[in-house]
Amino acid sequence: MWSLRAWRQRRILAAHPVDDSRWAAVLARLPILDGLDPAELQRLRELSVLFLHDKHLSLLGDLELSGEDRLVLGVQAQLPLLHLPDGEWQRNFHELVLYPDDFRSPQRYRDDAGVEHQWDDERSGEAWAQGPVILAWPGVTESGGWEAYNLVIHEIAHKLDMLGGDANGLPPLHRDMRVVDWAQAMQGAYDTMNAQLDRDPDAATAIDPYAAENPAEFFAVSSEYFFSAPDLLEQAFPAVYAQLAHFYRQDPLARLKRLQAEHPDYRKRP
Ligand SMILES: [Zn+2]
């Protein structure tokens, strides 16, 4: 069947080819792609070109990005979507704003007495419900390894979450998933972390304590770990790992274990 969407996509891909040497350079910067099979890598390459074509990149200050840099950004934004069913997963934003460095963001909080507090917060990323994804470029370049940090995936996860309305840690689930299973896994881990931090605010939590801020941050941080430290996430919160594997339809832990079996010293954690 002829599809306008597929035809349009083929035209964009034909007009914006990525040559093999540039693609190889992108892969070299992103170890979290290691072990993806050739079909997955080809799909990711195409998704990234389409993404960079569809979204407007606003570069602030003196930031300049090469074609390779843009792909490094696009690929990380598309990795979470690689196996999601074709759909409008990124319809809720059109723009990425890139700061040359961490930026200050005005924060507001209304306390229980109804008093409004405002302050400036140093940020490396932000996702607005009705607006762009905002990233500080140094955070993007620090992402891409198996180091339990990925700014791009973190903010993209917030955007997936916001497809269902406010960010609350519950993105639109697939038909073969149940909200009750999701809620049980996420809430259990979230409560465990918060109990641990209540006892000792400096406790060495299994994943970044920022996840304990609220359910939306829990989803964003656990998504970061899912793709960049699946071993740590699965060890700490296996039910969370399982739900995210259902949602993203990927199994990065299996991929990491395969790499480690093939190359015994591959990304061994200290
Ligand atoms: Zn966040």
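Remember, it's 1-based here, ligands and their atoms both numbered in the order they're listed.
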Participant: Counting backbone and side-chain atoms alike, does Glu213 have an N/O/S atom under 2.8 Å from the Zn ion (ligand 1)?
Facilitator: no
Participant: Passes side chain to side chain contact (heavy atoms under 4.5 Å, CB included), Ser222 versus Leu244? Steps please.
Facilitator: CA-CA 8 Å; Ser222 59; Leu244 292 178; 3.8 Å; yes
Participant: Give the atom name of whichever N/O/S atom in His158 sits closest to the Zn ion (ligand 1).
Facilitator: NE2
Participant: Where the Zn ion (ligand 1) is the centre, what is the NE2-to-OE1 angle for His154 and Glu217, rounded to 10°?
Facilitator: 90°
Participant: Would you confirm whether Arg258, through its side chain, and Gly35, through its main-chain N or O, come within 3.5 Å as a donor-acceptor pair?
Facilitator: yes
Participant: For side-chain hydrogen bond (donor to acceptor under 3.5 Å, both in side chains), just list the numbers for Gln250 and His83, CA-CA rounded to whole Å, side-chain angles, deciding distance to a tenth of an Å, and then say yes or no.
Facilitator: CA-CA 7 Å; Gln250 300 189 41; His83 286 291; 5.3 Å; no
Participant: Are Arg255 and Asp37 close enough for a salt bridge, meaning some N to O gap below 4.0 Å?
Facilitator: no
